[in-house]
S.K.: 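One structure coming up, written as C-alpha coordinates, with questions to follow.
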Amino acid sequence: MSAGPTSFCGIELAHPIINASGTFDAIAARRAFGDAVVERFPFSAYVSKTITPAPRAGNPPPRLWEEPAAMVNSIGLPNKGAEGFLSTDLPALADLPVPLIVSVMATSAEEFSGLVEAVSARDEVAAIELNVSCPNVHSGLIVGEQPSETEALLEALRPLTAKPLIVKLTPNVAAPASVAAGAEAGGADAVSLINTLKARPMFAGKPWLGAGSGGLSGPAVRAVALQQVSDVAAAVSIPIAGMGGVESGSHARDLLDVGAEVVAVGTASFRDPLAAERILIELRGLDPVAASSATSEL
Ligand SMILES: Cc1cc2nc3c(=O)[nH]c(=O)nc-3n(C[C@H](O)[C@H](O)[C@H](O)COP(=O)(O)O)c2cc1C
(Lines give C-alpha, C1' and ligand atoms only; values in the text may rest on other atoms or scores of the structure.)
Protein backbone atom coordinates (compact mmCIF):
# COMPACT_ATOMS: atom_id res chain seq x y z
CA MET A 1 0.00 0.00 0.00
CA SER A 2 1.39 3.37 -1.00
CA ALA A 3 1.82 6.47 1.15
CA GLY A 4 0.07 8.59 -1.49
CA PRO A 5 -3.64 9.22 -2.12
CA THR A 6 -5.74 6.21 -1.27
CA SER A 7 -9.33 5.05 -1.19
CA PHE A 8 -10.78 3.54 1.99
CA CYS A 9 -14.12 1.76 1.58
CA GLY A 10 -15.07 4.18 -1.18
CA ILE A 11 -13.84 7.36 0.58
CA GLU A 12 -11.08 9.18 -1.29
CA LEU A 13 -8.25 10.17 1.05
CA ALA A 14 -5.23 12.37 0.34
CA HIS A 15 -2.96 9.95 2.22
CA PRO A 16 -3.30 6.93 4.53
CA ILE A 17 -2.89 8.60 7.95
CA ILE A 18 -6.09 9.18 9.95
CA ASN A 19 -6.72 9.68 13.69
CA ALA A 20 -7.86 7.02 16.17
CA SER A 21 -11.23 7.77 17.77
CA GLY A 22 -11.02 9.68 21.05
CA THR A 23 -7.40 10.74 20.76
CA PHE A 24 -7.54 14.09 18.93
CA ASP A 25 -10.17 16.67 19.84
CA ALA A 26 -10.30 18.78 16.68
CA ILE A 27 -12.72 21.29 18.21
CA ALA A 28 -10.54 21.88 21.30
CA ALA A 29 -7.42 22.02 19.11
CA ARG A 30 -8.99 24.71 16.95
CA ARG A 31 -10.05 26.65 20.04
CA ALA A 32 -6.50 26.50 21.35
CA PHE A 33 -4.50 26.98 18.15
CA GLY A 34 -6.93 28.74 15.81
CA ASP A 35 -7.44 28.21 12.09
CA ALA A 36 -3.89 26.88 11.67
CA VAL A 37 -5.31 23.52 12.83
CA VAL A 38 -7.68 23.45 9.86
CA GLU A 39 -5.14 24.79 7.36
CA ARG A 40 -2.52 22.29 8.46
CA PHE A 41 -4.79 19.39 9.41
CA PRO A 42 -2.60 16.32 9.96
CA PHE A 43 -5.13 13.60 9.13
CA SER A 44 -6.71 12.59 5.79
CA ALA A 45 -10.02 11.76 7.52
CA TYR A 46 -11.30 12.73 10.96
CA VAL A 47 -12.81 10.08 13.24
CA SER A 48 -14.96 11.53 16.02
CA LYS A 49 -14.86 10.50 19.66
CA THR A 50 -17.46 7.77 20.17
CA ILE A 51 -20.95 9.12 20.76
CA THR A 52 -23.77 7.32 22.56
CA PRO A 53 -27.56 7.83 22.33
CA ALA A 54 -27.77 9.83 25.60
CA PRO A 55 -25.17 12.21 27.07
CA ARG A 56 -22.55 10.58 29.31
CA ALA A 57 -20.39 12.18 31.99
CA GLY A 58 -17.66 9.55 31.68
CA ASN A 59 -15.93 7.59 34.45
CA PRO A 60 -14.96 8.90 37.89
CA PRO A 61 -11.36 10.16 38.21
CA PRO A 62 -8.53 9.27 38.15
CA ARG A 63 -8.90 8.44 34.46
CA LEU A 64 -5.29 8.10 33.35
CA TRP A 65 -2.24 6.08 34.32
CA GLU A 66 1.16 6.08 32.65
CA GLU A 67 3.23 2.96 32.02
CA PRO A 68 6.82 3.03 30.72
CA ALA A 69 5.69 2.52 27.11
CA ALA A 70 1.94 2.95 27.28
CA MET A 71 -0.92 4.66 28.94
CA VAL A 72 -4.07 3.30 30.50
CA ASN A 73 -7.24 5.33 30.17
CA SER A 74 -10.66 4.93 31.66
CA ILE A 75 -12.21 8.05 30.18
CA GLY A 76 -15.57 6.25 29.88
CA LEU A 77 -16.90 7.86 26.70
CA PRO A 78 -17.99 11.27 28.00
CA ASN A 79 -20.01 12.88 25.22
CA LYS A 80 -22.97 15.15 24.57
CA GLY A 81 -25.16 12.31 23.28
CA ALA A 82 -26.37 12.00 19.71
CA GLU A 83 -28.56 15.09 19.73
CA GLY A 84 -25.91 17.33 21.29
CA PHE A 85 -23.23 15.99 18.95
CA LEU A 86 -25.32 16.41 15.81
CA SER A 87 -26.48 19.92 16.69
CA THR A 88 -23.27 21.34 18.19
CA ASP A 89 -20.15 19.33 17.30
CA LEU A 90 -20.94 18.07 13.81
CA PRO A 91 -21.34 21.55 12.27
CA ALA A 92 -17.95 22.50 13.77
CA LEU A 93 -16.29 19.30 12.54
CA ALA A 94 -17.78 19.82 9.07
CA ASP A 95 -15.35 22.75 8.70
CA LEU A 96 -12.43 20.35 8.67
CA PRO A 97 -10.92 19.89 5.21
CA VAL A 98 -11.26 16.07 5.30
CA PRO A 99 -14.03 13.43 5.27
CA LEU A 100 -15.72 12.82 8.63
CA ILE A 101 -16.19 9.41 10.19
CA VAL A 102 -18.53 9.36 13.19
CA SER A 103 -17.96 6.71 15.85
CA VAL A 104 -21.08 5.41 17.60
CA MET A 105 -21.76 3.01 20.46
CA ALA A 106 -24.98 1.66 21.97
CA THR A 107 -26.12 -1.26 24.07
CA SER A 108 -28.78 -2.80 21.82
CA ALA A 109 -29.46 -3.20 18.11
CA GLU A 110 -32.45 -0.84 18.50
CA GLU A 111 -30.31 1.90 20.03
CA PHE A 112 -27.56 1.34 17.46
CA SER A 113 -30.20 1.60 14.72
CA GLY A 114 -31.40 4.97 16.01
CA LEU A 115 -27.83 6.27 16.08
CA VAL A 116 -26.99 4.98 12.62
CA GLU A 117 -30.15 6.47 11.12
CA ALA A 118 -29.62 9.86 12.79
CA VAL A 119 -25.94 10.08 11.82
CA SER A 120 -26.51 8.71 8.35
CA ALA A 121 -29.10 11.42 7.63
CA ARG A 122 -26.35 14.05 7.80
CA ASP A 123 -24.56 14.91 4.54
CA GLU A 124 -21.46 16.01 6.47
CA VAL A 125 -20.79 12.37 7.44
CA ALA A 126 -18.75 10.18 5.08
CA ALA A 127 -18.85 6.95 7.10
CA ILE A 128 -19.89 5.49 10.45
CA GLU A 129 -17.60 3.57 12.79
CA LEU A 130 -19.35 1.09 15.09
CA ASN A 131 -17.64 0.79 18.45
CA VAL A 132 -18.78 -2.70 19.45
CA SER A 133 -16.82 -3.03 22.70
CA CYS A 134 -20.05 -2.79 24.65
CA PRO A 135 -22.50 -5.22 26.25
CA ASN A 136 -25.76 -6.02 24.51
CA VAL A 137 -28.40 -5.40 27.22
CA HIS A 138 -30.51 -8.27 25.85
CA SER A 139 -27.83 -10.98 25.77
CA GLY A 140 -25.43 -9.57 28.37
CA LEU A 141 -22.56 -10.42 25.98
CA ILE A 142 -20.00 -7.91 24.75
CA VAL A 143 -21.04 -7.59 21.10
CA GLY A 144 -17.52 -7.33 19.70
CA GLU A 145 -16.34 -10.41 21.59
CA GLN A 146 -18.78 -12.66 19.70
CA PRO A 147 -18.66 -13.25 15.94
CA SER A 148 -22.38 -14.12 15.88
CA GLU A 149 -23.43 -11.01 17.88
CA THR A 150 -21.32 -8.81 15.60
CA GLU A 151 -22.76 -10.40 12.47
CA ALA A 152 -26.35 -10.03 13.78
CA LEU A 153 -25.76 -6.37 14.65
CA LEU A 154 -24.42 -5.65 11.16
CA GLU A 155 -27.36 -7.46 9.57
CA ALA A 156 -29.71 -5.18 11.52
CA LEU A 157 -27.79 -1.98 10.65
CA ARG A 158 -26.76 -2.65 7.06
CA PRO A 159 -30.17 -1.87 5.49
CA LEU A 160 -30.38 1.44 7.38
CA THR A 161 -27.64 3.32 5.59
CA ALA A 162 -25.82 3.54 2.29
CA LYS A 163 -22.79 5.03 4.07
CA PRO A 164 -19.83 2.78 4.75
CA LEU A 165 -19.97 0.93 8.08
CA ILE A 166 -16.63 0.35 9.77
CA VAL A 167 -16.50 -2.07 12.71
CA LYS A 168 -13.98 -1.15 15.42
CA LEU A 169 -12.72 -4.48 16.75
CA THR A 170 -11.67 -5.16 20.31
CA PRO A 171 -8.31 -6.88 20.85
CA ASN A 172 -9.64 -8.51 24.03
CA VAL A 173 -10.63 -11.80 22.37
CA ALA A 174 -8.79 -14.99 21.48
CA ALA A 175 -9.51 -14.67 17.75
CA PRO A 176 -10.25 -11.16 16.45
CA ALA A 177 -10.17 -12.57 12.91
CA SER A 178 -13.35 -14.56 13.65
CA VAL A 179 -15.13 -11.40 14.82
CA ALA A 180 -13.87 -9.57 11.72
CA ALA A 181 -15.26 -12.39 9.57
CA GLY A 182 -18.62 -12.00 11.37
CA ALA A 183 -18.58 -8.28 10.65
CA GLU A 184 -17.83 -8.92 6.97
CA ALA A 185 -20.56 -11.58 6.73
CA GLY A 186 -23.06 -9.12 8.22
CA GLY A 187 -22.24 -6.50 5.60
CA ALA A 188 -19.50 -4.31 7.11
CA ASP A 189 -17.49 -2.25 4.61
CA ALA A 190 -14.31 -2.18 6.70
CA VAL A 191 -12.88 -3.03 10.09
CA SER A 192 -10.60 -0.98 12.31
CA LEU A 193 -8.29 -2.35 14.99
CA ILE A 194 -6.96 -2.46 17.61
CA ASN A 195 -8.94 -0.82 20.37
CA THR A 196 -7.31 -0.70 23.80
CA LEU A 197 -6.31 -3.79 25.79
CA LYS A 198 -8.02 -4.30 29.16
CA ALA A 199 -5.70 -3.17 31.94
CA ARG A 200 -5.81 -2.61 35.72
CA PRO A 201 -3.01 -0.45 37.13
CA MET A 202 -2.49 -0.78 40.89
CA PHE A 203 -1.24 1.85 43.34
CA ALA A 204 -0.59 1.24 47.05
CA GLY A 205 -2.50 -2.02 46.94
CA LYS A 206 -5.58 -0.61 45.23
CA PRO A 207 -6.71 -0.12 41.64
CA TRP A 208 -5.61 3.40 40.67
CA LEU A 209 -8.32 4.24 38.16
CA GLY A 210 -11.66 5.48 39.41
CA ALA A 211 -13.40 2.87 37.26
CA GLY A 212 -11.07 0.10 38.51
CA SER A 213 -9.75 -0.80 35.10
CA GLY A 214 -9.15 0.85 31.75
CA GLY A 215 -7.58 0.33 28.34
CA LEU A 216 -3.88 0.12 27.46
CA SER A 217 -2.62 1.98 24.38
CA GLY A 218 0.63 3.35 22.99
CA PRO A 219 3.95 1.78 21.94
CA ALA A 220 3.54 -1.28 24.20
CA VAL A 221 0.56 -2.52 22.14
CA ARG A 222 2.20 -2.07 18.72
CA ALA A 223 3.31 -5.68 18.24
CA VAL A 224 -0.13 -6.87 19.35
CA ALA A 225 -1.68 -4.61 16.69
CA LEU A 226 0.67 -5.98 14.02
CA GLN A 227 -0.27 -9.56 14.94
CA GLN A 228 -4.01 -8.87 14.99
CA VAL A 229 -4.08 -6.77 11.79
CA SER A 230 -2.12 -9.48 10.04
CA ASP A 231 -4.53 -12.21 11.30
CA VAL A 232 -7.58 -10.17 10.31
CA ALA A 233 -6.12 -9.38 6.87
CA ALA A 234 -5.77 -13.12 6.24
CA ALA A 235 -9.42 -13.71 7.20
CA VAL A 236 -11.37 -10.93 5.44
CA SER A 237 -11.32 -9.12 2.13
CA ILE A 238 -12.79 -5.80 3.36
CA PRO A 239 -10.26 -3.02 4.03
CA ILE A 240 -8.62 -2.49 7.41
CA ALA A 241 -7.77 0.66 9.35
CA GLY A 242 -4.79 -0.42 11.44
CA MET A 243 -3.77 1.25 14.69
CA GLY A 244 -1.98 0.63 17.94
CA GLY A 245 1.19 2.32 19.16
CA VAL A 246 2.10 4.06 15.90
CA GLU A 247 4.75 6.70 16.59
CA SER A 248 6.79 6.85 13.38
CA GLY A 249 6.58 6.45 9.62
CA SER A 250 8.16 3.05 9.84
CA HIS A 251 5.53 1.90 12.39
CA ALA A 252 2.83 3.04 9.94
CA ARG A 253 4.66 1.27 7.10
CA ASP A 254 4.67 -1.98 9.13
CA LEU A 255 0.87 -1.84 9.59
CA LEU A 256 0.38 -1.16 5.86
CA ASP A 257 2.72 -4.06 5.07
CA VAL A 258 0.74 -6.54 7.19
CA GLY A 259 -2.52 -5.61 5.49
CA ALA A 260 -3.90 -2.26 6.64
CA GLU A 261 -5.26 0.12 4.00
CA VAL A 262 -4.98 3.16 6.27
CA VAL A 263 -3.23 3.75 9.60
CA ALA A 264 -4.62 5.64 12.59
CA VAL A 265 -2.49 7.60 15.03
CA GLY A 266 -3.83 7.59 18.59
CA THR A 267 -1.88 7.97 21.82
CA ALA A 268 1.08 9.58 20.00
CA SER A 269 -1.08 12.68 19.38
CA PHE A 270 -1.33 13.36 23.14
CA ARG A 271 2.42 13.87 23.47
CA ASP A 272 2.68 15.73 20.16
CA PRO A 273 -0.50 17.01 18.46
CA LEU A 274 1.46 17.18 15.20
CA ALA A 275 2.78 13.61 15.49
CA ALA A 276 0.60 12.53 12.55
CA GLU A 277 2.17 15.18 10.29
CA ARG A 278 5.67 13.93 11.12
CA ILE A 279 4.58 10.29 10.72
CA LEU A 280 3.22 11.04 7.23
CA ILE A 281 6.41 12.83 6.19
CA GLU A 282 8.48 9.89 7.46
CA LEU A 283 6.18 7.41 5.71
CA ARG A 284 6.53 9.29 2.44
CA GLY A 285 10.28 9.28 2.91
CA LEU A 286 10.10 5.48 2.90
CA ASP A 287 8.09 5.56 -0.34
CA PRO A 288 9.92 7.56 -3.03
CA VAL A 289 6.99 7.30 -5.49
CA ALA A 290 4.53 8.87 -3.04
CA ALA A 291 7.12 11.46 -2.02
CA SER A 292 7.62 12.61 -5.61
CA SER A 293 3.90 12.60 -6.45
CA ALA A 294 2.87 14.50 -3.27
CA THR A 295 1.21 17.68 -4.41
CA SER A 296 1.63 19.50 -1.10
CA GLU A 297 3.64 19.25 2.07
CA LEU A 298 0.75 17.26 3.57
C1 LIG B 1 -7.71 8.60 25.82
C2 LIG B 1 -8.26 7.64 24.81
C3 LIG B 1 -9.59 7.72 24.43
C4 LIG B 1 -10.10 6.82 23.49
N5 LIG B 1 -11.42 6.92 23.13
C6 LIG B 1 -11.91 6.07 22.20
C7 LIG B 1 -13.25 6.20 21.75
O8 LIG B 1 -14.00 7.11 22.16
N9 LIG B 1 -13.71 5.30 20.84
C10 LIG B 1 -12.91 4.30 20.33
O11 LIG B 1 -13.37 3.51 19.50
N12 LIG B 1 -11.62 4.17 20.72
C13 LIG B 1 -11.11 5.03 21.64
N14 LIG B 1 -9.80 4.91 22.01
C15 LIG B 1 -8.96 3.85 21.41
C16 LIG B 1 -8.14 4.41 20.24
O17 LIG B 1 -8.98 4.87 19.21
C18 LIG B 1 -7.17 3.32 19.66
O19 LIG B 1 -7.95 2.26 19.18
C20 LIG B 1 -6.19 2.78 20.69
O21 LIG B 1 -5.78 3.80 21.59
C22 LIG B 1 -4.94 2.15 20.05
O23 LIG B 1 -4.19 3.08 19.30
P24 LIG B 1 -2.93 3.90 19.93
O25 LIG B 1 -2.06 2.89 20.65
O26 LIG B 1 -2.27 4.56 18.77
O27 LIG B 1 -3.51 4.89 20.90
C28 LIG B 1 -9.26 5.81 22.93
C29 LIG B 1 -7.92 5.75 23.31
C30 LIG B 1 -7.40 6.65 24.23
C31 LIG B 1 -5.94 6.55 24.59
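As the structure is a computational prediction, the values presented were derived from the model and not from experiment. Counting convention: from 1, in listed order, for ligands and their atoms alike.
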S.K.: Go through the steps to decide whether Glu184 and Ser237 satisfy the test side chain to side chain donor-acceptor pair (under 3.5 Å), and finish with yes or no.
M.R.: CA-CA 8 Å; Glu184 182 176 41; Ser237 54; 2.9 Å; yes

S.K.: Look at the aromatic rings of Trp65 and Trp208 and report parallel, tilted or perpendicular, splitting at 30° and 60°.
M.R.: tilted

S.K.: Leu283 versus Leu256: any side-chain heavy-atom pair under 4.5 Å?
M.R.: yes

S.K.: With salt bridge (charged side-chain N to carboxylate O under 4.0 Å, His left out) as the rule and sequence neighbours excluded, what pairs involving residues 195-210 come up?
M.R.: Glu145-Lys198

S.K.: Using distance alone, decide if ligand 1 has a nitrogen or oxygen within less than 3.5 Å of any nitrogen or oxygen in Lys49.
M.R.: yes

S.K.: Is the CD atom of Glu67 crowded by more than 12 outside heavy atoms at less than 6.0 Å?
M.R.: yes

S.K.: To which protein heavy atom is atom 9 (N) of ligand 1 closest, and what is the distance rounded to 0.1 Å?
M.R.: Thr50 OG1, 2.6 Å

S.K.: Does ligand 1 have an atom under 4.0 Å from some heavy atom of Met105?
M.R.: no

S.K.: Is the closest N or O pair between Asn131 and ligand 1 shorter than 3.5 Å?
M.R.: yes

S.K.: Give yes if a backbone or side-chain nitrogen or oxygen of Lys168 is under 3.5 Å from a nitrogen or oxygen of ligand 1, and no if not.
M.R.: yes

S.K.: Does the side chain of Leu226 reach to within under 4.5 Å of the side chain of Leu255, using non-hydrogen atoms?
M.R.: yes

S.K.: Return the option from Ile194, Val132, Thr23, Thr196 holding the heavy atom at the smallest distance from atom 22 (C) of ligand 1.
M.R.: Ile194

S.K.: What is the closest protein heavy atom to atom 21 (O) of ligand 1, and at what distance does it sit?
M.R.: Ser217 CB, 3.3 Å

S.K.: Can you find a side-chain donor-acceptor pair between Ser21 and Glu129 that sits under 3.5 Å?
M.R.: no

S.K.: Measure the distance from atom 15 (C) of ligand 1 to every protein heavy atom, then report the residue, atom name and distance (to 0.1 Å) of the closest one.
M.R.: Asn195 OD1, 3.4 Å

S.K.: Closest non-hydrogen protein atom to atom 27 (O) of ligand 1, residue and atom name please, with distance?
M.R.: Thr267 OG1, 2.6 Å

S.K.: Charged N to carboxylate O below 4.0 Å: is that the case for Arg158 and Asp189?
M.R.: yes

S.K.: So is Gly245 polar-close to ligand 1, meaning N/O to N/O under 3.5 Å?
M.R.: yes

S.K.: Atom 29 (C) of ligand 1: which of Val265, Asn73, Ile51 has the nearest heavy atom?
M.R.: Asn73

S.K.: Hey, looking at atom 16 (C) of ligand 1, which of Gly266, Ser21, Gly214 has the closest heavy atom?
M.R.: Ser21

S.K.: So which protein heavy atom does atom 3 (C) of ligand 1 come closest to, and at what separation?
M.R.: Gly22 O, 3.3 Å

S.K.: Treating Ile, Leu, Val, Met, Phe, Trp and Tyr as nodes and any side-chain heavy-atom pair under 4.5 angstrom as an edge, say whether Met105 and Val119 lie in one connected cluster.
M.R.: no

S.K.: Does any N/O atom on Glu129 come nearer than 3.5 Å to any N/O atom on ligand 1?
M.R.: no

S.K.: Under 3.5 Å, N or O to N or O, is Gly218 touching ligand 1 that way?
M.R.: yes

S.K.: Salt-bridge test for Lys49 and Asp89: reply yes if a basic N is under 4.0 Å from a carboxylate O, no otherwise.
M.R.: no

